[in-house]
Amino acid sequence: MAQIFHRSANFLARFSLLGAVVLGGLALTGVLVVARSPYITNERVSRNQPIQFSHKHHVGDEGIDCRYCHTSVESSAYAGIPPTKTCMNCHSVLFNNVGYLEPVRESFRTDQSIQWVKVHRLADYVYFNHSIHINKGIGCSSCHGSINQMPLVFQASPLTMSWCLDCHRNPQPNLRPRDQVFNMDWKAPADQEEAGKKLAAEYKLRTTVELTSCSTCHR
Amino acid sequence: MSVTQPPLKAPEIRRLDPVLEPGHTYASVTDKIAAVVLTRPLGIGWLAGFTLTFSLVMLLFGSLAWLIVKGVGIWGINIPIGWGFAIVNFVWWIGIGHAGTLISAILFLLNQKWRTSINRFAEAMTLFAVACAGIFPLIHTGRPWMAYYMFPYPSTMGIWPQFRSPLIWDVFAVSTYGTVSLMFWFIGLLPDLATLRDRAKNRIQQVIYGALALGWRGSAHHWHRYQSAYLLLAGLATPLVLSVHTVVSFDFAIAIVPGWHTTIFPPYFVAGAIYSGFAMVLTLAIPLRKAYGLEDFITMRHLDNMAKVMLATGLIVAYGYFVEFFMAFYSGNKFDVFLAQQRLHGPYAPYYYALILCNILTPQLLWFEKVRRNVAALFVMSLVINAGMWLERFVIVVISLTRDFVPSAWGRYQPTFWDFSTFIGTLGLFVMLIFLFVRGLPAIAIAEMRELVAQESHSGGDHK
Amino acid sequence: MSEHANDKELRVLQGAPQNAPAHDRGHDREHKDHAEDGTLRNFTLDLAAVREKLKEKSGKQYWRTLEELADDPHFQDLLHREFPRHASEWDDAVDRRNFLKLMGASLAFAGLAGCGRPDESHIVPYVKQPDGMVLGKPNFYATAMPFGADAVGVLVESHEGRPTKIEGNPDHPSSLGSTDALVQASILNLYDPDRAQTVLENGEIRSWSAFLDAAQGLATAIKAQNGAGFRILTGTVTSPTLAWQLRKILAQYPLAKWHQWEPASGEGAREGAKLAFGRNVNAVYVPGKANVILSLDSDFLASGPGHIAYAKQYARRRKLDGPNDTLNRLYVVEPTPTVTGSSADHRLPLKAGDIELFARALAGKLGLNSPVPLSGEAAKWLDAVATDLQKEHGASLVVAGEYQPPAVHALAHAINASLGNVGTTLYYTEPVEAESTENLESLRELCADMAAGKVDLLLILGGNPLYDAPHDFDFTSKLKRVPTAIHLSPYYDETSVYCHWHVSESHFLETWSDARAYDGTATIIQPLIAPLYYSRSAHDVVAAFSDKPGLPAYDAIRAYWTEASAHLGATIDVAWRKWLNDGVVPGTKFTPITPELKFSATSLPPFKPSPADQIEFIFRPDPNVYDGRFANNGWLQELPKPVTKLTWDNALLVSPKLAQKLEVAHKIASRGGEHGQVRSTVVDIALNGSKVTAAAWTLPGQAENSVVLPLGYGRTLAGFTGSNKGFNAYAVRTSNALWTASDGKITPTGDDYPLACTQYHFNMEGRQILSTGTLEEYRKNPAFAHEGAQAPAKDNSLYKEFEYKGYAWGMAIDLNKCNGCNACVVACQSENNIPVVGKDQVMRGREMHWIRIDRYYTNSESAASGKATGDPSEYNPSLDNPQTFFQPVPCQQCENAPCEQVCPVGATSHSAEGLNDMVYNRCIGTRYCSNNCPYKVRRFNFLRFQDWDTPQLKLLRNPEVSVRSRGVMEKCTYCVQRINNGRIEAEKQNRPIRDGEIVTACESACPSEAIVFGNANDPNSRVAKLKAQPRNYSLLGELNARPRTTYLAAVRNPNLELEKA
Amino acid sequence: MTEHRSQLFGVMGEFATPEQILSAAKQAREAGYKHVTAYTPFPVEGLAHAIGFRWTAVPLLTLIGGLGGGLTGFGLQYWVAAITYPMNIGGRPLNSWPAFIPVTFELTVLGASIFAVVGMLALNKLPQPYHPVFNVERFARASTDRFFLCIEARDPKFNLAETSRFLQSMAAEHVSEVKDED
């Protein structure tokens, strides 16, 4: 009988087997990595809006309070997107003839809503409530990032479930005094450790078990 | 070879049937078995059988496609009967999947020579049965595309499987069983692949079998480690094979449904599995030895022994049925008592009596040697028992659910066309794989047959 | 579950003008389409036009457009022209949808565009946000649902302008904070896609203004002849304004006539009052004050004016906190088991025709006339009842049934008077209906005139006479002879077809109106949403013929009440807002009057009893679809009828004995079986010279020789849901026998018909499920419910128990109060976006109700006994008059939940507050949890049950609850959305949740306050107190699942005299 | 293992029966040959011992695999159920160890089996499709009915003529050189 395979076959055979195992492992890890990547989470993806509205300008430079536009953030599940009327409060006077604000005026004239593109999209079965987070001293920037630096708003956090859980398991690091909630530049003080504990007690924060029960967010 | 008596004479001699007909040499066994794979042309029978089963597999794919499009509602299941054919078939196939590993592992440890000529295709059968079984737990879910939730992986949701659920145990048990059986089967194949490589008639065969043989040379070192590994695998597979059907039985025993919540389940599920497994081995072995003239290797001795195993396990199963009743009445649990009565004269009583007939009464014929040695009878009986074991699972899964705790919720179950098409589809898949197997790989372990020849020649013919 | 996307859209809707949710794409195209209609509909449609219409649409919109096209009559003509064969399949949902897709594919492939990653979704804010609206916070508005001679005051939950849920109005006498199944379901009618959507003239779409012109044209013509030939047909009118408008019309057209026809409300009360008092008066009962109540075939707990209030008062008298509490006692004599009869302490099945005899006998016993001999059971009964009533002089009550003849009512009045009940347990007021006319005679007259060609202009305001008029009137042929008939109705129904004009009627949530409750209290009906379609109210249509055509309903209402306010001593501008806010107009409640009794029982003509063995046919409105007006309401169609548990069909109700005699039987089909499909014998009913074929249903407790033909089914033009369901009992109903007919014939045809029955097996098989006892037993041993089945002690577990330190939500259901009225079931369906699955799926045992009401017969033969099957499929004597009990079964929220342990993915687990959470998006649908649930309360989406396509239905959904898709398990959550919102509000105010602050949908709907929800950890909460009672027990407690939902055993208060006899 | 190019790998004697190869192997050892290998169509009892091959690591590997699998199994379940996301599942304790046993067991078996098989192959240096012995024509029968004894060239005592004669002396039906060409 003659050799069926060349000597190199030995190396090839062993290498390919090993390779298969390694590749499989890599592929698996890859999937897990991609699932956490902005491609899936839409993190840091800024979108084109019908009007180039700049939070940086309005909040950062002009220092308008979040609640001037997002009126229901303290009382309702939804922070609320301002009606055209709110824009016109100022822009009927300021920049009242610049071209890039035409869509606003048009909307006001024609009574047709401005169609903003959603930036923060939660899954349909997640019931997030703004008001309770605000009331328990979670600042806007804790989730939305420093909006006041954003010419175009993008999603600053992954908004994955495990991300939510991180905070629901251990909220202390993110707790602020209520008067700091809308402060975009708030930084955790050095003593956040016990400050957080104190606030948690003050706010009567629910226990981790309660905060991580399924029905806290899913119904 | 010293057994020179003509085979059919006084019973005490017949009982000493050989596990290998006399007159065989290393070469002859090798030739005969390898020829089936290497030289023998495709018969019309094979082609016809393959075409038929292949079309059934297409039916299976069709059914699955429709299932994905519409949802499990195309089946007969409802509330209260949340599980129907899918789980029945799953348990049935898994059960069948037990004989192979059992034969190759346990009989190996017990040093039963007669296992040699049947273990190879029994193992193959196991793999294919497990493949068929594996389909069902996946497709019976409402959202199969989400089934990966059942595997422990670090998800972005930060949640994991719920390990208290027997269904998760199933996932691990079945996949482990599949993997181990595959490895067991493959290393068993190694020396024979080498044989085929060395006898291959053309380059393609050479390359294929050569690659699969991994360069096996049968050196003393190889054989030494090989035997050590094989023995260990056998030792591992034995508890494994027992555990798998035990775990499957937990699917029911862990639940609180009357008729499921029973401690007898693990042993009698295992016995039942072996029972149906051997029945299926017979169902396959009998036509196989006929078609490829392997009567010399799969002798009456084998059939006789398998018949005896079936008889024994059948009796264990019968005991299981009895204990179910006994415990129901002994415990006085009103729900269990009620269910026991339902089995006897509830709407599904006919199924229960059919089950008793198939699984307990018919096999009693195996007490008679005449029956055990009548190939035709054995074949029919193996079919009956397979049917019976399927009925058993139907009785357990469906009847228990039809009338549980709250009478207002009582219901009935009737399978739909899609229930049947899926089941028949897997039957087709199973047989098709068998067809491919017998033509692609040696259906009998050649190396072990050679070993047997050696032993026979030494043991001077007194067969143990 | 990507399918959720659309629904999410709705949940975050941020752009609706107060009451026109223009944000929903589908919806605002509604408008665009109608805009196009004008142009598009002038020429008839052809394929090219359709292609044109579809060209620029793509993806979802594409199909939507197709769906809308489907409602365009021209498109349907087109289909018939182009695809004659398929067009026949039009009415079948599945085929219809598939066919649409087919059509789509064949027209253009534009629809297949747009795969890949989900495209951007949009936020559509208001341009000018209405005041007082906080996004994401529902508002509640008070209004009322007019129904027959009553109106139920309601508070309607509105999310950004979409009414989504109806609750009771505590300030309204007919509601007292509760509702019934019909009220709960009425919101589905609002969004029904099959509603008539425009004004039609001979099937051609017309604008409202076109109608106004036509109306004025007709008006002038009629005026010329002084109104002769002008007829108006209405149902019972309780709207003061409408009556006012009508009277003005009649004044304008002196010779015009106003006819009334209510097919399903009896005239006995009206005529009986006339008999007793010489004029029509309205009897208002106060069951709360009665210690002994006798119902003469009256279902006052579940139907008829004021039944919600009556049920509440009655239930409060069934409260049993300790051995010293007393219960009232209810006797019911009735031919067919009703909700009231089923919750009676003593029930006597009697042919409807014999009830008058019983009443006379009772009067005799009380010395109001010469004694009347009774035979058998009835005689025994009579003595006991009579003595009992007399014992409770002034605190007893006799209620006569709606469908009983005037004599019975007159007798009831006399008896109540003689028992001194008037003024205590009942009082009289002026009639609630604006115009008391004898419906039957009124309709007879109209028909006669139509036949005689005396009617030139017929205005039909609501109602469907063509379908529900007595068949001997032959309304159809007569209507054909009317030159101009105008029909106002919510659907283009049987009658509309024969009318020249059809105006689609607005839903009560879409229009201004007003209505009076059973005690006269008036409510201003205010709209919650602009009409979804081009629909109008009766006020508009009437105004069209007045001197002020086009007068908006609002102005009419306002005008009337401006006048009325004077009498009420209020200035409307001040009072108006408060009236709207409260949902009642103060001071409109009728003051009691004391009409003198001009009737003596002796004056009655001698009673001629019908032979006992003669079969009596009685007509009754269906408990779910009533007279047929709710036929197209999927919630009600799929709602198991209280006693029979039938869905989607009506059936001839037959007593077990008679069934045996007639050889009508049931076969339990193996698909679905006891919990789904029962095949029953089909019979031909020959009656009043007409014939109808029906499925016969054996009903335990039915009077032996009495059979019931439930009205309201067999509609041909009800819409997709309601057409061709059941059989049409009106077909054999004649004017001479509106409620009770005899000498008819029942002959089995030999074939059988599948009926969808959600509970067939009625025996508890000796299990501790529905625990019942008598007051005696209770007083002897208040904890009798625990006998035999003890729940294991908490401490006999190897493991440490979980502790629930904070809130521990729990529910207690008092079986002593529950009367099985079904309000909770529909309320739950409405609150939790529960889909309707259709008859076929119900027959497979796949209905989705999160709370079901089980019905058991306690003294029935059991299956275990081997003697009987535990169901009505074979006769046994215990079925003749079984003791009936109802048990609502929601998820029991077990602490040791068997379902949770077996879920492989942890999709169901326990919350820190002890809720058995179900996470749909984690569920992979193994159904293991359901198998392991001893109570079988879990529901599985076997197919895609939820309707994702119909835009109207999207508006209906509760944004607070996930909409479940195919392949996931679902179940009662204790309305976790309400719990969470309640908790969030409480936490914001930094206070604990108050008891009663969180109310589940079922609890708030329940008229008899049988369901109580709350924090079991708070010893002062109502639920904790109930759970502390010895009557409290767990369903199947011995399983040690530790349900959070527990039951209080039912205790009946039988009359010992009758018991021992 | 075969570093040297196109040169002698060893000589191979062919025998007819297991007995012959067994005695041949013994004699070769006695004759002082170290690098002796026997090739047989089926395992011949005592042959490995005869050519001086006693201990194999396979059982040890299997043990390691088993322990590893088992520990991973239980560890994973405990971590999931009690540490990373403790949930109240039907009132059952967080560490429901009895419920964790089935998975632990299965993973033990899985680990052990994989280690046993992979270990065996690795120690046997498989896959190794190419090997000098395949160059011998008659070696094809090694997988059917012939028994070969190969004395390798790297053996210090190896000498082509000597060794060949030695093999013939043991009634080898056939003696052939084993070349290791490219």
Side-chain angles (χ1 to χ4, degrees), chain B residues 25-27 30-31 152 158-166 168-169 172-173 175-177 179-180 183-184 186-187 190-191 194-195 197-199 210-211 213-229 232-233 236-237 239-240 243-244 246-247 250 447-448 450-451 454, chain D residues 18 25 37-44 47-51 53 56-59 62 66 73 76-77 80-81 84-85 87 89-90 92 96 99-100 102-103 105-107 109-110 112-114 116-117 119-121 123-131 133-134 139-145 150:
Chain B
T25 66
Y26 304 132
T30 313
D31 294 337
I159 36 181
W160 298 79
Q162 203 278 95
F163 285 101
R164 294 171 191 80
S165 166
I168 288 291
W169 307 347
F172 282 83
S175 49
T176 301
Y177 186 55
T179 322
V180 173
M183 295 192 298
F184 203 40
F186 177 69
I187 65 170
L190 263 184
T195 308
R197 171 196 65 201
D198 298 346
R199 308 171 66 89
L214 303 179
W216 178 265
R217 308 191 290 286
S219 88
H221 301 77
H222 283 185
W223 281 121
H224 188 64
R225 300 199 181 90
Y226 178 90
Q227 285 184 295
S228 151
L232 286 165
L233 267 192
L236 289 165
L240 176 64
S243 81
V244 172
T246 304
V247 166
F250 285 162
E448 296 185 31
R450 287 193 292 258
E451 214 173 340
Chain D
T37 332
Y39 300 92
T40 58
F42 57 86
V44 174
L47 187 56
H49 190 276
I51 62 169
F53 179 57
T56 164
V58 174
T62 313
L76 174 74
Q77 298 180 80
V80 163
T84 178
Y85 201 156
M87 276 187 192
I89 301 293
R92 310 301 194 273
S96 314
F100 298 160
V103 172
F105 171 80
E106 300 298 340
L107 286 183
V109 173
L110 187 62
S113 319
I114 291 178
V117 172
M120 182 272 282
L121 293 176
L123 292 170
N124 283 341
K125 303 214 171 54
L126 298 179
Q128 187 181 18
Y130 170 89
H131 191 276
V133 292
F134 292 133
F139 189 75
R141 294 188 67 179
S143 61
T144 305
D145 57 354
C150 174

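Sequence lines set the chain letters: A, B, ... in the order given, protein chains first and strands last, and positions in each chain run from 1.
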Heavy-atom pair count under 4.5 Å with chain B, highest-scoring of [options]:
options	value
D:L123, D:L47, D:T62	D:L123
D:G66, D:A116, D:C150, D:S113	D:S113
D:V58, D:T37, D:T40	D:T40
D:T56, D:D145, D:N124, D:V44	D:N124

Is there a side-chain contact between [X] and [Y] in this structure, where contact means two heavy atoms from C-beta onward sitting under 4.5 Å apart?
X	Y	value
D:F139	D:H131	no
B:T30	B:R199	yes
B:P152	D:V80	no
D:Y39	B:H222	no

### Task
Anything under 30° is parallel, anything over 60° is perpendicular, the rest tilted; go ahead and classify B:H224 against D:F53.
perpendicular

Between [options], who has the most heavy-atom pairs with chain D when the cutoff is under 4.5 Å?
options	answer
B:T195, B:T179, B:T246, B:L190	B:T195
B:A173, B:A229, B:A194, B:A27	B:A173
B:F163, B:F184, B:F186, B:Y226	B:F163
B:P191, B:P161, B:A447, B:S243	B:S243

### Side chain / backbone / both / neither for D:I114 at chain B, heavy atoms under 4.5 Å
both

### Message
With a 4.5 angstrom heavy-atom cut-off, is it the side chain or the backbone of D:P43 that approaches chain B, or both, or neither?
### Response
both

Counting only non-hydrogen atoms closer than 4.5 Å, does [X] touch chain D with its backbone (N, CA, C, O), its side chain (CB onward), both, or neither?
X	result
B:L233	side chain
B:I187	side chain
B:T176	both
B:Q162	side chain
B:Q227	side chain

Judged by atom type as modelled, is there a donor-acceptor pair below 3.5 Å linking the side chain of [X] to the main-chain atoms of [Y]?
X	Y	answer
D:S143	D:A140	yes
B:W169	D:A99	yes
B:R197	B:W216	yes

## Note on the structure
For B:R225, the salt bridge (charged side-chain N to carboxylate O under 4.0 Å, His left out) test, sequence neighbours excluded, returns none

### Task
Kindly compute the distance separating NE2 (B:H221) from CH2 (B:W223), expressed to the nearest 0.5 Å.
14.5 Å

